[in-house]
Amino acid sequence: MILEVDDQGRVERFVVIRGNPEKTVDGRRLFGGVRLSPGNLEEVWFDMALWDVSLVPDGEYFKTYRITRKAS
């Protein structure tokens with residue numbers, strides 16, 4: 001799965017290599033997973049109360065999700 005994160009105009013794309021993309025911790029819904037970082041694996045989670053998540057109709061082999069910070 002590919003995550004495309006748009007944080008007020010700064011866009012970062014990365015590949016999430018494993019894990020369920022959604023989980024709940026202490027009543028908060030999170031979206032993300034585990035990505036490969038230089039030398040280790042790193043968990044990256046986005047609070048769905050602060051971020052909008054939408055599926056991008058992109059390639060046929062990987063799902064791409066666009067994560068955009070909600071207006072405050």
Side-chain angles (χ1 to χ4, degrees):
M1 163 174 78
I2 297 172
L3 295 182
E4 179 178 285
V5 181
D6 182 352
D7 187 3
Q8 300 174 347
R10 186 180 69 84
V11 177
E12 179 180 358
R13 287 176 58 108
F14 53 88
V15 176
V16 173
I17 59 173
R18 70 175 182 205
N20 185 351
E22 293 187 45
K23 71 178 182 178
T24 302
V25 176
D26 295 329
R28 297 171 68 178
R29 292 179 50 224
L30 305 174
F31 192 89
V34 177
R35 73 176 179 168
L36 189 57
S37 186
N40 62 3
L41 297 175
E42 175 182 39
E43 288 193 45
V44 180
W45 297 99
F46 297 89
D47 188 334
M48 294 176 74
L50 304 173
W51 297 84
D52 287 320
V53 178
S54 60
L55 183 62
V56 176
D58 204 15
E60 59 187 86
Y61 299 108
F62 294 101
K63 288 185 179 179
T64 299
Y65 291 91
R66 180 169 293 131
I67 300 175
T68 308
R69 184 178 294 275
K70 292 182 179 180
S72 41

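Not measured: the values here are computed from a predicted model.
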A.B. asks: Of the non-hydrogen atoms in Met1 and Gly32, which two are nearest, and what is the gap between them?
C.D. replies: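 Closest approach of Met1 to Gly32: CE-O, 3.8 Å.
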A.B. asks: Checking side chain to side chain contact (heavy atoms under 4.5 Å, CB included) for the pair Leu30/Thr24: CA distance, chi angles, key distance, verdict?
C.D. replies: CA-CA 6 Å; Leu30 305 174; Thr24 302; over 6 Å; no
A.B. asks: Is the closest side-chain heavy-atom distance between Phe31 and Ile67 below 4.5 Å?
C.D. replies: yes
A.B. asks: Evaluate the side-chain proximity of Leu36 to Phe14: yes if any heavy-atom separation is below 4.5 Å, no if none is.
C.D. replies: no
A.B. asks: Could you tell me if the side chain of Val16 sits less than 4.5 Å from the side chain of Val44, heavy atoms only?
C.D. replies: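 A side-chain contact under 4.5 Å is absent here.
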A.B. asks: Using salt bridge (Lys or Arg N to Asp or Glu O under 4.0 Å) as the criterion, point out the one residue from Arg10, Arg13, Lys63 that pairs with Glu4.
C.D. replies: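 Of the listed options, the one satisfying the test is Arg13.
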A.B. asks: Is there a chain of hydrophobic side chains (I, L, V, M, F, W, Y, each step under 4.5 Å between heavy atoms) that links Trp45 to Val25?
C.D. replies: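 Yes, it is one cluster - the side chains of Trp45 and Val25 are joined through contacts under 4.5 Å.
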A.B. asks: Before you tell me yes or no, could you show the steps for Glu12 and Arg35 under salt bridge (charged side-chain N to carboxylate O under 4.0 Å, His left out), namely the whole-Å CA-CA distance, both residues' side-chain angles and the distance that decides it to 0.1 Å?
C.D. replies: CA-CA 13 Å; Glu12 179 180 358; Arg35 73 176 179 168; 3.1 Å; yes
A.B. asks: On the 0 to 90° scale, with breaks at 30° and 60°, tag the Trp51-Phe46 ring pair as parallel, tilted or perpendicular.
C.D. replies: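 Trp51 and Phe46: perpendicular rings.
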A.B. asks: For residues Leu50 and Lys70, determine if any side-chain heavy atom of one lies less than 4.5 Å from a side-chain heavy atom of the other.
C.D. replies: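 No, their side chains stay 4.5 Å or more apart.
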A.B. asks: Are any of the side-chain heavy atoms of Val53 and Thr68 separated by less than 4.5 Å?
C.D. replies: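 Sidechains of Thr68 and Val53: no contact.
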A.B. asks: Near Arg66 CZ, under 6.0 Å, is it more than 12 heavy atoms from other residues, nucleotides or ligands?
C.D. replies: no
A.B. asks: List the steps, then state whether side chain to side chain contact (heavy atoms under 4.5 Å, CB included) holds for Val15 with Leu3.
C.D. replies: CA-CA 6 Å; Val15 176; Leu3 295 182; over 6 Å; no
A.B. asks: Does CG in Asp26 sit with more than 12 non-hydrogen atoms of other residues, nucleotides or ligands closer than 6.0 Å?
C.D. replies: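 No.
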A.B. asks: What about Leu55 and Met48, same hydrophobic cluster or not, with Ile/Leu/Val/Met/Phe/Trp/Tyr joined at side-chain heavy-atom distances under 4.5 Å?
C.D. replies: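 Yes, because Leu55 and Met48 connect within a single hydrophobic cluster, where side-chain heavy atoms sit under 4.5 Å apart.
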